[in-house]
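Just so it is clear, the values below take in all heavy atoms, side chains as well, and ignore hydrogens, waters and symmetry mates. Nothing fancy with the numbering, it's 1 onward along the sequence.
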Amino acid sequence: MGHSHAPHPPLPPDRGAQTREAHKVTLIGALIDFVVGVAKMVTGFMVGSAALVADGIHSFSDIVTDVFVIAATHFGRQEPDSNHPYGHGRIETLATLWLGSVLIFVAGGIAWASLSRLIGGDPIPAPGLWAIGIAVVALLAKEWIYRYTLRVAKRINSRLLEANAWHSRSDALSTVVVLIGLVAAQFGVGWMDAVAATVVGVMVGQVGGRLLWESSQELIDTALPAGDRDRMQQIAERVPGVNGVHDLRTRTLGSHALLDLHIVVPPRVTVSEAHEIGNEVSRRLREAFPNLADVTFHIDPEDDSGETEHSLRPGMPLRGDVEGMLDDIWGDIRVWNARVALDLHYLDNQVDVSIYVDELPTGQSLDEAADDLRQAARGLAWIGRLRVWKGPGKG
């Protein structure tokens, strides 16, 4: 007869390989940003196009953020240590916040300078076809690096790298607007150049605002989307031996997710079986959600969702105190002194007691032995079900 085995959980991601891949794509992007930025600014100054100069400044801001992304991915993807037991993912979050702030600052400068020029009515000459050609080449280069960076970001699951990809996309989109302004100026509609530069500033500011919002949500431990949480609950509840799941909580840490949940199991299974049920829940969740970096489960013998936290309630007596109190009242009862094992189950705010014996006292049945114990324990309100078993016991 064959045996089925649970699938092996996915191997943890190779952080070193992910970091190297992130550095490679970012360095390529920085080189393109430098070449494109120089071309835009030189051409913009030569033909007097504020939009092209503004777009060049945007490209150079990309170089600064590229350097920061390299540093953040290097330190943010290091393994956990004693001072950072959950890892260094928040470094990527802080870097994304900084990136969004830079974008908003750049956007404000571009918009202010462009509006001043538009209101001042400064004459704008026709840029020439070669300036338009520079804009077209820059557009194609930035669109390519956007797609390349986003593909790598999805593969290594890096929100920071994804943010940097959208930074490149914002540069590509701004170049589209600049291109429209240049073409309009070529045909004598010079004011369109200043309008185009202003639109570029607004677009860059929107991207920066979105990055700030998303990063701030992570810093305040916002949960994963409801759809992901519902799916996690369903996966956990389908594991054999799970009677229910509650208090499922999630949060993100850089490119990783953390999960806490309470798992309700049958009340009288052994500790090791309950723990293995929890381990299986963790395996299946990690298989379905590879970005789960940490799964913490709490085993419950009964569903206590919505009730006061156990640590805030009066405690029940532990084994040493239980045995001491039972010795005081059952010290003269033969079946208690003949016990070979004692099981305690803490359920419904009481302690269920199971006593195991090799042999019963002569002339006494299991029920009679249990009745003797119940009669003597009537003064102990915390005692729940009381049973006597004949056999090897469990301890």
Side-chain angles (χ1 to χ4, degrees), residues 1-6 236-247 261-283 297-395:
M1 181 175 177
H3 297 277
S4 61
H5 297 278
E237 289 176 343
R238 284 199 294 265
V239 174
V242 173
N243 288 349
V245 172
H246 61 93
D247 289 347
L261 73 164
H262 285 225
I263 302 170
V264 184
V265 300
R268 300 180 189 280
V269 299
T270 62
V271 173
S272 58
E273 182 180 356
H275 188 258
E276 187 55 30
I277 291 171
N279 287 337
E280 183 61 22
V281 169
S282 180
R283 292 186 194 100
F297 58 83
H298 177 88
I299 296 296
D300 285 334
E302 52 193 356
D303 192 341
D304 58 0
S305 56
E307 297 182 12
T308 304
E309 174 66 35
H310 282 279
S311 60
L312 300 177
R313 308 180 201 172
M316 301 293 291
L318 298 181
R319 177 174 289 268
D321 294 328
V322 168
E323 290 187 327
M325 287 185 278
L326 295 182
D327 268 331
D328 289 340
I329 62 171
W330 289 345
D332 296 330
I333 299 179
R334 290 179 298 167
V335 71
W336 170 249
N337 293 317
R339 71 186 185 279
V340 294
L342 174 69
D343 277 356
L344 306 177
H345 293 279
Y346 291 76
L347 302 169
D348 297 324
N349 295 316
Q350 291 185 310
V351 182
D352 290 358
V353 178
S354 292
I355 297 171
Y356 294 84
V357 295
D358 284 331
E359 295 291 339
L360 283 168
T362 304
Q364 192 175 45
S365 67
L366 290 172
D367 289 339
E368 290 170 343
D371 285 339
D372 286 348
L373 296 172
R374 288 191 193 97
Q375 290 297 321
R378 282 179 299 179
L380 299 180
W382 49 264
I383 287 189
R385 296 175 62 183
L386 196 158
R387 292 182 291 183
V388 178
W389 301 89
K390 185 178 178 181
K394 301 181 181 178

Contacts of Thr362 meeting side chain to side chain donor-acceptor pair (under 3.5 Å) (sequence neighbours excluded), chain-then-number -> none
Note: Pro301 and Pro267 closest approach over all heavy atoms is O-CB, 3.4 Å
Sequence neighbours excluded, the answer for side-chain contact (heavy atoms from CB on, under 4.5 Å) partners of Trp382 is Met316, Pro317, Val322, Met325, Leu326, Val351, Leu380
| said: Evaluate Val281 against Leu261 for side chain to side chain contact (heavy atoms under 4.5 Å, CB included), listing each step before the verdict. | reply: CA-CA 10 Å; Val281 169; Leu261 73 164; 4.2 Å; yes
dist Arg387:CZ -> Ile355:CD1 (nearest 0.5 Å) comes out at 11.5 Å
Between Val242 and Ile263 the two heavy atoms that sit nearest each other are CG2-CG2, 3.8 Å
| said: Any side-chain to backbone donor/acceptor pair from Arg385 onto His345? Under 3.5 Å, distance only. | reply: no
Tyr346 meets the ring-ring contact (aromatic ring centres under 6.0 Å, His included) criterion, sequence neighbours left out, with none
When every non-hydrogen atom of Ala274 is compared with those of Val265, the smallest separation belongs to CB-CG2, 4.0 Å
Applying salt bridge (Lys or Arg N to Asp or Glu O under 4.0 Å) to Arg374 and not counting sequence neighbours gives Asp371
Residues at least two apart in sequence or cross-chain that pass side-chain contact (heavy atoms from CB on, under 4.5 Å) with Asp372, listed by chain then number, are Gln364
Contacts of Glu302 meeting side chain to side chain donor-acceptor pair (under 3.5 Å) (sequence neighbours excluded), chain-then-number -> none
Here the gap from Arg268 atom CZ to Leu347 atom CG, rounded to the nearest 0.5 Å, amounts to 5.5 Å
Contacts of Glu273 meeting salt bridge (Lys or Arg N to Asp or Glu O under 4.0 Å) (sequence neighbours excluded), chain-then-number -> none
For the pair Trp389 and Tyr356, name the ring-plane relationship: parallel under 30°, tilted 30 to 60°, perpendicular over 60°. parallel
### Message
Run the side chain to side chain contact (heavy atoms under 4.5 Å, CB included) test on Asp304 and His246 for me, step by step, so that the C-alpha distance in whole Å, both residues' side-chain angles and the decisive distance to 0.1 Å come before the verdict.
### Response
CA-CA 9 Å; Asp304 58 0; His246 61 93; 3.0 Å; yes
Checking Leu342, Leu344, Leu318 against Glu323 for side chain to side chain contact (heavy atoms under 4.5 Å, CB included), the one that qualifies is Leu342
Minimal heavy-atom distance between Val245 and Ala236, with the atoms involved, is CG2-CB, 3.7 Å
Per-pair distances, 0.1 Å, donor-acceptor, side chain in residues 328-336, under 3.5 Å, sequence neighbours excluded:
from   : atom 1 : to     : atom 2 : distance (Å)
Trp330 : NE1    : Leu373 : O      : 3.1
Trp336 : NE1    : Asp327 : OD1    : 2.7

With sequence neighbours left out, the residues meeting salt bridge (Lys or Arg N to Asp or Glu O under 4.0 Å) with Asp300 are none
Sequence neighbours excluded, the answer for side chain to side chain donor-acceptor pair (under 3.5 Å) partners of Asp303 is Ser305
Sorted by chain and number, sequence neighbours left out, side-chain contact (heavy atoms from CB on, under 4.5 Å) with Gln350 holds for none
Closest non-hydrogen atoms of Leu360 and Ala369, given as atom of the first, atom of the second and distance, are CD2-CB, 4.2 Å
Sequence neighbours excluded, the answer for side-chain contact (heavy atoms from CB on, under 4.5 Å) partners of Asn243 is Val264, Pro266
Smallest heavy-atom separation, Val357 atom then Arg339 atom, equals CG1-CA, 3.9 Å
